[in-house]
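Okay, structure first, notes after.
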Protein chains: 2
Amino acid sequence: ETNKSKKKLTLMFISRWIIMFAVGIGTALLAAGVQISVEIIAHEKFHLIQKYIDRCSTESCTLFLPIGIWVVINVVITLLGAALVTYVQPVAAGSGIPFIKSYLNGVRIPGLLNFRAFISKTLGVILSILGGLACGKEGPMAHSGGIMAAGFAKGRMRYGKKKEIKFYDAFRSDHEIRDFVAAGAASGVSAAFGAPVGGTLFSVEEAASFWNTELVWRVFFSAMVACFSTNFLLSAFEGHPTHLSSPGLVRFSTFQNLSFDLIEIPVFLVMAVIGGLAGALFVVLNYKLTVFRRKYIRRKWLKVLEAGIVSLAGALLAFLLMYSVDECTEVKHYSDHAITAQMFCKDKSHNSMSSLFLTTPEGCLKALLHDPHDAYGVIPLTVFIVVFFLLGVWTYGLSVSSGVFIPSLAIGAAWGRLIGLGVVELFPHHAKDVGKYALIGAASMLGGILRTTISLTVIIVECTGDISFGLPIMLTLMISKWVGDFFTTGLYDMNVEVSGIPLLSWEPPPLCENIKASEVMSQPVLSLHTEEKVGSILEILESETYGGFPVVETNPKYRQYYSGKLKGLILKNQLLVLLKKKIFAPEGMLPPGVNIRCKDFDNPYPVGQRLTLKDIEVTEEEKEHVIDLKPYMNFSPYTVGPSFSMPRVFKLFRGLGLRHLIVVNNNYEPVGMVTRKDLAKYRAESKRGMLKVEHLKIENV
Amino acid sequence: ETNKSKKKLTLMFISRWIIMFAVGIGTALLAAGVQISVEIIAHEKFHLIQKYIDRCSTESCTLFLPIGIWVVINVVITLLGAALVTYVQPVAAGSGIPFIKSYLNGVRIPGLLNFRAFISKTLGVILSILGGLACGKEGPMAHSGGIMAAGFAKGRMRYGKKKEIKFYDAFRSDHEIRDFVAAGAASGVSAAFGAPVGGTLFSVEEAASFWNTELVWRVFFSAMVACFSTNFLLSAFEGHPTHLSSPGLVRFSTFQNLSFDLIEIPVFLVMAVIGGLAGALFVVLNYKLTVFRRKYIRRKWLKVLEAGIVSLAGALLAFLLMYSVDECTEVKHYSDHAITAQMFCKDKSHNSMSSLFLTTPEGCLKALLHDPHDAYGVIPLTVFIVVFFLLGVWTYGLSVSSGVFIPSLAIGAAWGRLIGLGVVELFPHHAKDVGKYALIGAASMLGGILRTTISLTVIIVECTGDISFGLPIMLTLMISKWVGDFFTTGLYDMNVEVSGIPLLSWEPPPLCENIKASEVMSQPVLSLHTEEKVGSILEILESETYGGFPVVETNPKYRQYYSGKLKGLILKNQLLVLLKKKIFAPEGMLPPGVNIRCKDFDNPYPVGQRLTLKDIEVTEEEKEHVIDLKPYMNFSPYTVGPSFSMPRVFKLFRGLGLRHLIVVNNNYEPVGMVTRKDLAKYRAESKRGMLKVEHLKIENV
């Protein structure tokens, strides 16, 4: 027996590692695939547009043709992407990281990890980028990685209402699946940025609830494999597979000169403050927009339409800017990352705006970081910052698959470059390169918007490939987080709060020491007896939405709810399975000999459709039958006394990942029940200032 | 009232950050101080020796004079260092990281964080290195940082049996202090290696029990400040304070050419396996030695003597090697980190062994990593590896303050360099530089000995200053950990196991699902009544060693132990305080109006001396008096039922940092008590192979 379980343990150990390896490889294939297809198609698109623009600016044809082509291509692609997300799987909208975070926190989000979400997310992000939206593919990459990991872990993939492909029997428990999803998310970030350490930390900091060395160690492995394989694949695509020069999709390339002097620190600090303020503004504007959307843009076609409008606006604005800001830059050799349009410039020079708009947001970021300091003047930069900031705010939250990393970095890099120009102007002896200011600007903007400092520091340092610049980046991110936190929560947290997901934070809310469990709990709690009538069970299931019910001693004297000592806990899902399988019999008789195995009680899919009351058909006669709950219930549920303090209840939930906690009195009789929702209601009131989500509407998820 | 508490919360928030800042600055001052004093004095010492050696090898005088000087200096200094540790504070022996780890895990270790430990540790490590032992100062730095942080957090420092200096009233709870200690340890590592991210991760991975973003974020801040300030101080010492070129005590300097090719990976993998094997061998040998020491070297003077012998052996061996391995190297300009002796070599060349032995272990490591590939031949390297490996094993565990990072790295760098020479020989076209093989060797050796992979990867990458080499380093560390884990646990864990500290691992031991709380718990548990006689309390305190006791309802019918419903939990310490302050009265009367505030129950010092039974003086008459426990006890202790499973009990302890858990029956009457020790007994049997710590003697700590 022991030998057998040992063998099983070893097998599970090995299969965990193998799946982690597969997750890494899979994420890399995905990332490389997305990257390569975007690069190829986007290149074609921008070449086409450039051709028409330049033809019209040299020959005298109207500019309507190139604008028309541009707008039509972008809008059509964007509409496709938006429709894909909106009609196939709405949960795939946005970056996906807030949802993955909530899922890992222990909240169920229907459909988050199914095959439709995978398709919508992955295809969707390709379409969004090709559609010219101000978005990146890093958040979606993390989500797709998570879905893939869940699929691998479970050995099956649900693709329809009740259809699924099954490959093998693997891990079934929620807990295990969650670990794999964390690894998938980390691999996604790792593949996207070539940042295995950063990706791992991101998954832990932003998402996972526990630091468990064993787990983090597997996550790290998976992230490493992902980074390495992406590197291999992209290098192979570029024709030198063994040279390994492309560690991630977004590599900031090498900076020539990233040393810094102590006297530059104040400049960086000022930039950090700006980043924090700008980040908070971004969050506030996006919050207002989100609230507006939730009120007025509720129909599916409206959502798709909005995405089309944003795309249209983006294309028109970009063209308008290229047209109106008539600044020329000499063509230089190294600017090979972007396609440039000559427009009204002389030969051998091009419109400087064009190299920012005739490229993907990523290419734009690279241009801002690496182009020589005279590539963009003050006016084009200023205009670009304003336009791109507003487009970024507008884009995030659309019903398309889109990440916020790259646009944030690009906005930051732009104003960082602007400040860099100022510094070069003021201290021509000290500063020559604006690239490092662009980098600091990018970091501080990202920090101001997202606020996940530790992992972002590592990600940016890994992207830069130069560790010595880590200190200023850290400092910047810290300050920008503080400044931002003074005004609002981070973008992801805002998202989560607005969606009303009962996410539990790291610490119990402050000033709740004197609140007792008896004040937090929901009551009265409806209990079941160890032997309970089918009718009563149905009644309770109809009237209560809890996921679990206390089971109390059957006391022949008075058969009513709330009486008797606590004997165990039974889950709603278990009750439904028992009812569905008709494991009951008239009082005094044995139930039919149907085999019920542990497996039958498992969720067929942690986030998929589950049995509901509607699936149960019971005759009036059967309602008088009795179910014996003893064989199925959990005999030792977590319980606390009524005077247990709120912070300690919170810690129990957070530390053990509980979903329900029974409150018992001195006689061990259940008097109430605490659920996640009860606790989430007590979230501390939001930050001072503009953002106040007052009445938390905790949705039924 | 709410306003007042809000104000208090803000104040606490700010003071936490200020203290974290102070911890960072303090650690940096400490690190820089240690570094500078070691550098200056060691330089003097080696110069002196070199002078005598070279004088004797050119003129014809016997070599006894330099040997004599060398041996005397080393042995005297080492004896001083050993005496300091052994007589002043024995807990300061070794690297300190295993103890810090246990402390953060929730185990009390008397004296670990007091002023004596600080002095012994800090002065001790200077003496150890100057005494020529094969040890580094990184572990001790982490311990000293932790002590300093605890001191800052508490605003006082205990320096004698009952003496202490008090500066201000600050944080008192164990929990808070623990957080600061984690930050101090991280800052120590960060200052030592110039690796703020690595230090933070080290603290989390190796030490802290929880990943709490708020906390890690403060730890990171502190580590960053430490790194930055050390950089500033050391740069200032070198004369260019604003240039910031010395990020840590151990910076591997910049490698000229750290790119790698895919086809080099197999070589790295083989090296990783070697590192794992060598690491396991190191642990096994050290384990045998530790067991031997615990059996036979128990007297203080013997411990000091052993340290002296090791130092003597080290000095003699070093000299013998320099004398016998007669290989000469041309003097080159860049070898400025070491002092070299000419010995029997021609002019303009020096004995190649001398540059490895006439320097601190750190200098030796740098030489092995960076010297050109013809600096050391095969024979000197082989001899060096064997000798340094054995010295390393012998040194770790001596009663001196010594770290194991640097010697491990140096051993690994030496055999890595040896392999590099082989590769250069075999593939002269592909490989030219042996530095990168030395680096991989160092990483794999360290991984094989310590096994803390994630943080070590980051630390080494940060030390190297080059992120592109991160992937091979990760791979190497992973494989070497696996190989090592197959044979033994890591060095620190071995240490902890041998000391019998009841450390709880991350996960419940495998195959314990069927064990129930009732089998794990200690029983019978002696309970107190809510109103209890002084005599009975004394009796219970004498007969039981628990830190807490259940309090049950006073049932006038039968006054005996184990009866009545559970009402609360009272700590041993609280009982002692109540007895000491004589808060009791004859039955039926009110106790004297002595003020007892919460503060009186706090431990005056989390790891210092506490009240014991001996401090209590009670007359026979007073023994009949009664204490009313109700005002003092905890009304809602954590409880579980007897059928609760072991893994869930384990998770409660681990997740909530519990020390005792009361097991209650259906009537809410206490039937047993689970403590850390009960759980630690169930530690999974050790790894296959040589190391089996069979009967875990859980000491009374």
Output for pair (T639(A) OG1, F644(B) CZ), nearest 0.5 Å, gives 7.5 Å
So what's closer than 4.5 Å to chain A heavy atoms on P642(B): side chain, backbone, both or neither?
neither
Can you say whether L475(B) sits under 4.5 Å from chain A via the side chain, the backbone, both, or neither, judging by heavy atoms?
both
Name the region of T457(B), side chain, backbone, both or neither, that has any atom closer than 4.5 Å to a heavy atom of chain A.
side chain
To the nearest 0.5 Å, how far apart are CE in M224(B) and CG in L477(A)?
10.5 Å
Side chain to side chain contact (heavy atoms under 4.5 Å, CB included) evaluation trace for V461(A) with V197(B)
CA-CA 11 Å; V461(A) 168; V197(B) 181; over 6 Å; no
May I ask you to decide if the ring planes of W482(B) and W17(A) are parallel, tilted or perpendicular, using 30° and 60° as cut-offs?
perpendicular
Decide yes or no for Y638(A) and Y638(B): does some side-chain heavy atom of the first lie under 4.5 Å from some side-chain heavy atom of the second?
no
Contact check, side chains of F228(A) and M474(B), non-hydrogen atoms, under 4.5 Å:
no
What part of F220(B) lies closer than 4.5 angstrom to a heavy atom of chain A: side chain, backbone, both or neither?
side chain
